Amino acid sequence: MLTINTIRENRDFVIERLKIKNFKDLSVIDTIIELDNNRRTAQKSADDAQAEMNILSKEIGRLFQTGKTAEANQAKDRTSVLKENIKEYNQKYEEVSTKLNQLLVQVPNLPHASVPVGKTPEDNVLVRGNDIKVNLPEGALPHWDLGTKYDFLDFDLGTKLTGAGFPVFKGKGAKLQRALINFFLDENEKAGYREILPPLMVNEDSGFGTGQLPDKEGQMYHCQIDNFYLIPTAEVPVTNIYRDVILDASELPCKNTAYTPCFRREAGSYGKDVRGLNRVHQFDKVEIVQIAHPDHSYAALEEMVNHVEGIVKKLELPYRIIKLCGGDMSFTSALTYDFEVYAAAQGRWLEVSSVSNFESYQANRLKLRFKEKGDKKTTLAHTLNGSSLALPRIVAALLENNQTPEGIRVPEILQSFTGFSMIN
RNA sequence: GGAGAGAUGCCGGAGUGGUCGAACGGGGCAGUCUCGAAAACUGUUGUCCUGCUACGCGGGACCGGGGGUUCGAAUCCCUUUCUCUCCGCCA
């Protein structure tokens, strides 16, 4: 969330920026400032009363110790009023700050100055791409039919085992997944990312830290008995490594990568857009996460985009990089680039990566700070993450684009990982 | 799942209900010594909120989390989470 000081000190600027994100309820900003004023007043009153109480208590202690019991008891009588006041002020304080926090978490991150104005995906801006042309053979099939034809991907079996949206990979299909995961992790490691294998379930604090909770609760699978959430992305556990941490500035940037399955409930989407691997409830993804110094976070973002681009290129897929407009960006992001690859048999662009700078928005929730050498003050760090990459749609595009009458060709770069060059 | 023990500052580790934000040791930082370094010695050493005639001076909070008793709680009570040991079960 935004810090209260950002809002206090830059009221007009904040409102201007929020408009770009299509945030409607702009009046909360003034409500927040007012509540914060009330909060400060209540705290001042409570603190003053408490200070008086502390002095009085010490005095009573001294009186008892010197045997002046009568005077001590007399002094005790005076505390009851103070006690009552403190309680009252504290109640007021709690009440106001609870309300304040409820509003604060509802305010999205401010978009970066370069974010295009717009409301829908149509307003996103194409940054760059390549011009690979796919020559499909006669009677080319979408990937779900290819899966059936060559018996390496089975949606019905997944439905039997669990339910819709839980595909089963078999044989070369399963090996292809493993190959992609290893390939992605190796590429990330070469770029300086440390590999992490995190828990797939997280607690409430972690869900809050990265912004999934409280609002997007319904998007995660919830294990109610233990109050754990199945992670929707490795971003959650990996970023939360740094929750409540004060880093030394010299440790920045922290670069981590993790492969994890991801679980998403994604209620409410049906139809041809979500057929096959286009949208599933469980999928594999390799994620990269950076904790960066605020002065360098946008350089880090560029670095991440270039890195992901390098991987996509090696897979010989038609791709494009898109800068999201204010209205299409996620709640927590300040600037997001999406990667899309072209799945030729479907004739559709599929999003396979989203690389974002959250600036200090997550860090504020996480209490992730750093300290310059010799400096007493702590500063919120910047967090960034991106997929490198999400498997299902990469697989969909690979399968569809590389189909031949003899079978599906495995891209050169993957063959040493798969151990085969054709799925047939 | 059953029984017990514990949770204190960067780490280790004390702490009788009343100058305890917390002894002591280690580490870190600064200084003295040195051509430099080590050793030794000296000093310093958290976080958050907040007030003001602000690179300074105050106030409040924090001893796992939450609640309670008390004029006063790290210290007593309740509750919760986590860790460790033993038993059971299990990959």
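Chain naming here is simple, since letters A, B, ... match the order of the sequence lines and numbering starts at 1 in each. Nothing here was measured: the structure is a model prediction, and the numbers come from that model. Side chains included, hydrogens not; waters and symmetry mates left out as well; all remaining heavy atoms used.
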Whole angstroms only, please: what is the CG-C1' distance between A/N101 and B/C49? 13 Å
On a whole-Å scale, what distance lies between the P atoms belonging to B/C62 and B/A74? 7 Å
When you check the side-chain N and O atoms of A/D156 and A/T159, is any donor under 3.5 Å from an acceptor? no
Toward the 5' end of RNA chain B, which comes first, A/R8 or A/I60, by nearest nucleotide? A/R8
Atom pair distance, as rounded to whole Å: CD in A/Q43 and P in B/C62: 13 Å
Categorize A/K58 for me: base, sugar-phosphate, or nothing, with a 4.0 angstrom heavy-atom threshold over every strand shown. nothing
Return yes if a side-chain donor-acceptor contact under 3.5 Å exists between A/D248 and A/S250, otherwise no. yes
Looking only at side-chain N and O atoms, does A/N54 come under 4.0 Å of OP1 or OP2 in B/G72? no
Using OP1 and OP2 only, check whether a side-chain N or O of A/R39 sits under 4.0 Å from B/U50. yes
Per-residue pairing states of RNA chain B in dot-bracket (Watson-Crick or G-U under 3.5 Å; . unpaired, | other strand) read ((((((((.[[[..)..(.....]]]((((((.......))))))(((((((...))))))).[[[[[..)....]]]]])))))))....
Separation of B/C49 C1' from A/L35 CG (nearest whole Å): 17 Å
Just N and O in the side chain of A/K83: are any of them under 4.0 Å from OP1 or OP2 of B/G72? yes
base_contact_polar (B/G60 base, A/D47 side chain, donor-acceptor, <3.5 Å): no
Give a yes/no on whether any side-chain N or O of A/R40 is located under 4.0 angstrom from OP1 or OP2 of B/C49. no
Considering just the side-chain nitrogens and oxygens of A/K371, establish if one lies under 4.0 Å of OP1 or OP2 belonging to B/U47. yes
Could you tell me whether the side chains of A/Q362 and A/T383 share a donor-acceptor contact shorter than 3.5 Å? yes
In terms of ring plane angle, is the pair A/F370 and A/H293 parallel, tilted or perpendicular, where the classes change at 30° and 60°? tilted
Does B/C48 have OP1 or OP2 sitting under 4.0 Å from an N or O in the side chain of A/T378? yes
To the nearest angstrom, how far is A/D205 atom CG from B/U81 atom P? 14 Å
Within the structure shown, what part of the strands sits under 4.0 Å from A/S57 by heavy-atom distance: base, sugar-phosphate, or nothing? base
By nearest-nucleotide position on RNA chain B, the 5'-leaning member of A/I4 and A/I55 is A/I4
Looking just at side-chain N and O atoms, do A/E302 and A/Y337 make a donor-acceptor pair shorter than 3.5 Å? yes
Here the salt bridge (Lys or Arg N to Asp or Glu O under 4.0 Å) pairs for residues 9-18 of chain A, sequence neighbours left out, are A/R11-A/D30, A/E16-A/K19
Does any donor atom in the side chain of A/S114 or A/K323 lie under 3.5 Å from an acceptor atom in the other side chain? yes
